[in-house]
K.L.:
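I have a structure I would like to understand better, so I am pasting it below and will then ask my questions one at a time.
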Amino acid sequence: MSPVSDPLRPADFASDVFEVVRVVPKGRVTTYGAVANCLGAKKASRRVGWVLNKSFSVAPAVPAHRVVNRLGQLTGAMHFPKDRPMASMLEAEGVQVQDATVVDFKALFWDPMTEL
DNA sequence: CATCTGACCTAGT
DNA sequence: AACTAGGCCAGAT
């Protein structure tokens with residue numbers, strides 16, 4: 001099935017990113033590359049981060065805190081609102097975070113490509 | 001207007 | 001196995 005639009009269109013790409021991230025189950029995490037790969041552009045992982053930057057203004061809210069880099073590091077934590085720290089959001093969902101890194105990330109990893 | 005950077009990742013050497 | 005380079009694309013300087 002094709003729940004996603006054409007990744008060729010920037011606007012659709014953003015929409016798809018939001019959609020995929022929103023599907024990530026609570027207490028699980030995914031990666032930029034996994035999302036990009038799911039959209040058919042695994043080399044565009046950078047854009048995913050750029051798109052997520054605007055995810056704070058969209059509705060329904062996008063759980064961007066569930067997106068980390070390939071090493072399980074919360075590289076985007078610094079860009080989160082001070083009132084809603086990325087690490088705290090994750091820990092509130094049962095995800096242990098140690099030193100800006102998801103503990104047991106490999107087990108908590110949720111691949112939209114495989115699961116979807 | 002040209003250049004660099006950035007919530008990254010894969011592939012080639 | 002470690003390192004370098006390339007790719008993606010929009011915003012900032």
K.L.:
What closest approach, in Å, do A:D111 and A:F109 show between heavy atoms, and which atom pair accounts for it?
P.N.:
CB-CE2, 3.6 Å

K.L.:
Rounding to a whole Å, what distance do you find between A:R47:CZ and C:dG7:C1'?
P.N.:
11 Å

K.L.:
Just how far, in rounded Å, is P of C:dG7 from CZ of A:R46?
P.N.:
13 Å

K.L.:
A:L39 has an atom CG; how far is it from atom C1' of C:dC8, in whole Å?
P.N.:
13 Å

K.L.:
Is A:S45 near enough to B:dT10 that one of its side-chain N or O atoms lies under 4.0 angstrom from OP1 or OP2?
P.N.:
no

K.L.:
Using whole Å, report how far CG of A:D16 lies from P of C:dC9.
P.N.:
14 Å

K.L.:
Within the 4.0 Å heavy-atom criterion, would you say A:K43 contacts the bases, only the backbone, or no part of the nucleic acid?
P.N.:
base

K.L.:
Which nucleotide sits closest to the side chain of A:H79: C:dC8, C:dA10, B:dA7?
P.N.:
B:dA7

K.L.:
Should A:T30 and A:P112 count as side-chain neighbours, where that means a heavy-atom distance under 4.5 Å?
P.N.:
yes

K.L.:
Looking at A:R66 and A:E93, does any basic side-chain N land under 4.0 Å from a carboxylate oxygen?
P.N.:
yes

K.L.:
Taking 4.0 Å as the cut-off, does a side-chain nitrogen or oxygen of A:K54 come that near to OP1 or OP2 on B:dA7?
P.N.:
no

K.L.:
What is the distance from OH of A:Y32 to P of C:dC9, rounded to the nearest Å?
P.N.:
19 Å

K.L.:
Could you tell me whether the side chain of A:F105 reaches within less than 4.5 Å of the side chain of A:V95, counting heavy atoms only?
P.N.:
no

K.L.:
Rounding to an integer number of angstrom, what distance separates B:dA7 and C:dT4 when you compare their C1' atoms?
P.N.:
23 Å

K.L.:
Between A:F13 and A:V48, is any pair of side-chain heavy atoms under 4.5 Å apart?
P.N.:
yes

K.L.:
Round to a whole Å and report the spacing from CZ of A:F109 to C1' of B:dC8.
P.N.:
13 Å

K.L.:
In whole Å, measure the gap between the P atoms of C:dA5 and B:dT5 for me.
P.N.:
15 Å

K.L.:
To the nearest Å, give me how far apart CZ (A:F13) and P (C:dC9) are.
P.N.:
8 Å

K.L.:
Rounded to whole Å, how long is the line connecting atom CZ of A:F56 with atom C1' of B:dA7?
P.N.:
9 Å

K.L.:
Reckon A:R70 touches a base, only the sugar-phosphate, or nothing at all at heavy-atom distances under 4.0 Å?
P.N.:
sugar-phosphate

K.L.:
Would you classify A:N53 as touching base, sugar-phosphate or nothing, given that sugar-phosphate means primed atoms plus P, OP1 and OP2, and contacts are heavy atoms under 4.0 Å?
P.N.:
base

K.L.:
Looking only at side-chain atoms of A:K42, point me to the closest of B:dA11, C:dC9, B:dA7.
P.N.:
B:dA11

